[in-house]
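Naming: A, B, ... by sequence-line order, numbering from 1 per chain.
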Protein chains: 2
Amino acid sequence: MTKLQSQGREPFEAVDRAPEAQADGFATVRQAHESEIAEDYVELIAELIETRGEARPVEIAERLGVKPPTVTKNISRLKAAGLVRREPYRAIFLTDAGQDLAEICRRRHRVVVAFLLSLGIDKETAERDAEGIEHHVSGTTLEAFERRLNQK
Amino acid sequence: MTKLQSQGREPFEAVDRAPEAQADGFATVRQAHESEIAEDYVELIAELIETRGEARPVEIAERLGVKPPTVTKNISRLKAAGLVRREPYRAIFLTDAGQDLAEICRRRHRVVVAFLLSLGIDKETAERDAEGIEHHVSGTTLEAFERRLNQK
DNA sequence: TAGATAAGTTAGCCATGTCTAACTTTGTAC
DNA sequence: GTACAAAGTTAGACATGGCTAACTTATCTA
């Protein structure tokens, strides 16, 4: 666990943590990065299927701000991971696992955005920051956000 | 800008954003990833200098949970970026630019941790989540966190 | 139904960030 | 002052996630 907080020289003193705990934290962040792409893709695919009727690479590329070959490559990885189902040159569908993941991500995304908005942050910033923050919000923290949202 | 929120079928409806705004958001996240390592390193180096008197690769490796060669490689990049000063086989020092960045990062880190703690989240989780979240918190959001902290 | 255009893929490049194995340097303890 | 252990570096591999250029497939339209 963590040691006690130190003397309080500064307004918010750094919590002095055990090296392994700190290393674990960074490992968690690195792991989160690896799943971010999968999460962003399934989230976006679910969104596109809902709003557009289907998810096409060209649209995914546009929304993510990347080029089509990047999408092709990443979709293959998603397929290998069992998250999407698809034939070459056709639209992209989510497997059950993909849909479950999308559901979790979209819900988490909405909670984070709503929470930021509740702090008085403007929509554009809330969406922008949520995009990055959401992947690093643990279940515990997400619950805290929801608790705060409900008690308002 | 964003369109208006839609019908509200779900508890938190997804905000329907223009594709370019969304793409910008993802681009911002990708950019943030590129500076994360630099930020983590200078933050940690500043911390080690303060608490241990000097920053050594072996300790950085231990704290970040990576192997020494990884640290060597990343420190070279930091040196190339003008953030650290150092001779091979000797301790690592921050340049003025590195110190400025460290200061900003440490302050942001402390605010994020304090904010999470203020939501009733336990220390270990707060530290862990902050490690990932801090790199994606814009100035606007950081201010909102501080405002909230001060008004308690 | 033939061509043109748009969409999608493949191939191959690059940078990042991790690793292991092997080597060099530093510092210390006799 | 030498030898050994610890710290640090170098070399080289690998996966990820971008890109461009060139090719293939699908679609639409005249």
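The salt bridge (Lys or Arg N to Asp or Glu O under 4.0 Å) test applied to A/Glu36 returns no partner, not counting sequence neighbours. Scanning for side-chain hydrogen bond (donor to acceptor under 3.5 Å, both in side chains) contacts around B/Arg85 gives an empty result, with sequence neighbours left out. A/Glu39 is linked by a side-chain hydrogen bond (donor to acceptor under 3.5 Å, both in side chains) to A/Arg108, A/His135, counting only residues two or more places apart in sequence or in another chain. Under the salt bridge (Lys or Arg N to Asp or Glu O under 4.0 Å) criterion, B/Arg56 pairs with B/Glu54, not counting sequence neighbours. With sequence neighbours left out, B/Asp122 forms a side-chain hydrogen bond (donor to acceptor under 3.5 Å, both in side chains) with B/Thr125. Listed by chain and residue number, B/Arg63 satisfy the side-chain hydrogen bond (donor to acceptor under 3.5 Å, both in side chains) test with A/Gln22 (two or more places apart in sequence, or in another chain). Contacts of A/Phe26 classified as ring-ring contact (aromatic ring centres under 6.0 Å, His included), with partners at least two apart in sequence or in another chain: none.
Rounded to whole Å, the distance from CD1 on B/Ile60 to C1' on D/dG8 is 12 Å. Atom-to-atom, CD of A/Glu62 to C1' of C/dA7 comes out at 13 Å; the value is rounded to the nearest Å. B/Leu78 places its CG atom 13 Å from the P atom of D/dT9, with the value rounded to the nearest Å. Rounded to whole Å, the distance from CD on B/Glu87 to P on C/dT25 is 15 Å.
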Next on the checklist: Treating primed atoms plus P, OP1 and OP2 as sugar-phosphate and everything else as base, which nucleotides of nucleotides 16-29 of chain D get B, S or - for protein heavy atoms under 4.0 Å?
Outcome noted: -BBBBB--BSS---
Extract from the structure each pairing of a protein N or O with an N or O of nucleotides 2-6 of chain C at less than 3.5 Å, listing the distance.
none

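When atom types are taken as modelled, the side chain of B/Thr95 and the backbone of B/Gly82 share a donor-acceptor pair closer than 3.5 angstrom.
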